[in-house]
Amino acid sequence: MAGETSWINHYLHDMTSEIIKYDSFSELEDEGCKEVNAVCVDMILPDDLLERILAYLPIASIFRAGSVCKRWHEIISSRRFLWNFSEVLSQKPWYFMFTSSDEPIGYAFDPILRKWYGIELPCIDTSNWFIATSRGLVCFMDNDSRSELCVCNPITKQSKKLEEPPGLKFSDYSALSISVNRVSHGYTIAVVKSKQVPGNFFQWDISIHIYDSETMMWVTSLMEVLAGWRGGDESVICDGVLYLLIYTTGGGTPENRHGLIAYNLCSHSSHGLLIRSFIPVPCPLTCGRLMNLKEKLVMVGGIGKQDRPDIIKGIGVWVLNGKKWEEIARMPHKFFQGFGEFDDVFASSGTDDLIYIQSYGSPALLIYDMNLKQWKWSQKCPVAKRFPLQLFTGFCFEPRLEMAP
């Protein structure tokens with residue numbers, strides 16, 4: 001892929017024994033000066049201190065550091081280094097942008113170095129698969145049979161195929177989410193299936209299926225019938241609670257076209273809880289995107305016009321406190337206009353303090369930093385729109401070395 005900064009060519013199967021092969025991320029400085037600096041550091045710092053210093057570098061810089069000398073390469077290839085790296089609370093999330101509707105190819109944006117890298121994703125066949133991420137792991141589910149699931153680390157390329165989830169073989173709507181435990185590195189995957197009750201558009205069967213990486217088993221946690229609402233494809237796990245965006249099946253006011261229901265994954269209750277956990281949305285929405293930012297539920301939504309709630313007039317960001325939404329940001333109009341023609345639905349995902357927003361019709365990528373309360377564009381993605389109906393989408397993930405499926 002011409003024009004992008006190159007990424008690792010060979011993934012890491014065994015960090016202790018394999019040589020890490022990669023291309024350079026950018027133009028290197030004068031090799032002579034760099035070697036002198038490396039020697040000076042080697043003479044001063046013991047291994048354990050050097051390991052800790054390297055662990056706090058951005059991911060891309062860690063791989064570049066491995067080319068400085070044999071000692072540095074051995075350090076970043078060691079399991080002890082991975083342990084030190086795991087102590088680093090967070091790496092700023094990257095955003096992977098698909099550039100083809102048929103193939104899972106694209107570029108990943110690094111917000112620290114503000115560079116785009118060409119990387120290959122394992123497991124996934126096309127860009128329309130369901131995708132969920134948490135702390136360095138990405139879960140894919142196919143969009144046809146919805147029976148193929150895979151968990152991978154997109155940085156190391158380690159992956160694992162999962163057994164087919166139980167429940168309905170074919171559902172009208174499905175939602176996928178994953179949550180990784182920061183301490184044990186175990187993970188929980190939730191698949192929510194929604195299917196219309198035959199002959200009754202008003203009622204929808206909904207079921208929740210949970211996978212535990214420690215037991216390596218699926219459990220059907222809930223089966224229920226929703227009246228007047230259906231599930232969709234938007235869900236997230238946040239602080240042990242599964243949140244699902246639901247959609248009215250008709251008859252409601254514009255304010256009630258969307259809603260939110262919550263399910264405590266630790267409750268083990270099999271029925272009767274979903275509709276009692278109903279949380280209304282803060283305003284008429286054209287679409288909503290749910291995300292977990294530091295165990296807080298955040299929603300990015302398209303704000304509908306007062307007289308035409310299905311037409312987008314802006315984009316807001318809300319945090320859920322208890323059962324009430326608090327608006328924390330609204331996209332300035334100049335950024336909203338900067339996308340050009342903006343559809344009523346759009347792509348958005350986030351983790352840590354960053355939220356990414358992307359129009360399906362353009363490779364332009366906008367970033368909102370919740371900590372700095374700042375909006376800014378990413379560097380221009382090295383891809384051009386080739387034809388009018390070309391679509392772009394993507395997802396964000398935290399780049400981690402120590403996470404394995």
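Reckoned from all heavy atoms, side chains included, excluding hydrogens, waters and symmetry mates.
Here I279 contributes atom CD1 and L260 contributes atom CG; the two are 5.0 Å apart, rounded to the nearest 0.5 Å. Here the straight-line distance linking atom CG of D110 with atom NZ of K115 works out to 9.0 Å at 0.5 Å rounding. How far CD1 of I59 is from CD1 of I112: 9.0 Å, rounded to the nearest 0.5 Å.
With sequence neighbours left out, E164 forms a side-chain hydrogen bond (donor to acceptor under 3.5 Å, both in side chains) with K169. For N200, the side-chain hydrogen bond (donor to acceptor under 3.5 Å, both in side chains) partners are Q203, not counting sequence neighbours.
Among all heavy-atom pairs drawn from G136 and R400, the shortest one is CA-CG, 3.6 Å. Here the closest non-hydrogen pair linking Y360 and V345 is CD1-O, 3.6 Å.
A donor-acceptor pair is defined here as one N or O able to donate and one able to accept, closer than 3.5 Å; such a pair exists between the side chain of W218 and the backbone of E163.
Put simply, the residue from I355, T133, V317, T351 that forms a side chain to side chain contact (heavy atoms under 4.5 Å, CB included) with M291 is I355.
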>> Walk me through whether Y247 and E234 qualify under side-chain contact (heavy atoms from CB on, under 4.5 Å).
In response: CA-CA 10 Å; Y247 307 81; E234 194 69 30; 4.2 Å; yes

> Between I189 and I210, does a side-chain contact (heavy atoms from CB on, under 4.5 Å) hold up when you go through it step by step?
Replying inline: CA-CA 6 Å; I189 296 172; I210 307 297; over 6 Å; no

>> Go through it in stages, so that I can follow the logic: the residues are N181 and T188, the test is side-chain contact (heavy atoms from CB on, under 4.5 Å), and I'd like the CA-CA distance, side-chain angles, deciding distance and then a yes or no.
In response: CA-CA 8 Å; N181 187 297; T188 299; over 6 Å; no

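Sorted by first and then second residue, the ring-ring contact (aromatic ring centres under 6.0 Å, His included) pairs with a member in residues 157-176 read Y173-W204; sequence neighbours excluded. For the disulfide bond (SG atoms under 2.5 Å apart) condition, the pairs that include at least one residue of residues 91-147, sequence neighbours left out, are C123-C150.
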Would you tabulate the side-chain donor-acceptor contacts of residues 294-301 under 3.5 Å, counting partners in other chains and residues two or more places apart, or write 'none'?
from	atom 1	to	atom 2	distance (Å)
K294	NZ	D353	OD1	3.3
K294	NZ	D353	OD2	3.1
E295	OE1	D239	N	2.5
E295	OE1	N292	ND2	3.4
K296	NZ	N321	OD1	3.2

Side-chain atoms of residues 361-369: list all donor-acceptor pairs with protein atoms under 3.5 Å, sequence neighbours left out, distances to 0.1 Å.
from	atom 1	to	atom 2	distance (Å)
S362	OG	A364	N	3.1
D369	OD1	N371	N	2.9
D369	OD1	L372	N	2.9

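Between W377 and F339, the ring planes are perpendicular. Angles over 60° get that label, and only those under 30° would be called parallel. Using the six-membered ring where Trp is involved, F397 and F395 have ring planes that are tilted, between 30° and 60° apart.
Centroid-to-centroid, the aromatic rings of Y107 and F109 stay 6.0 Å apart or farther.
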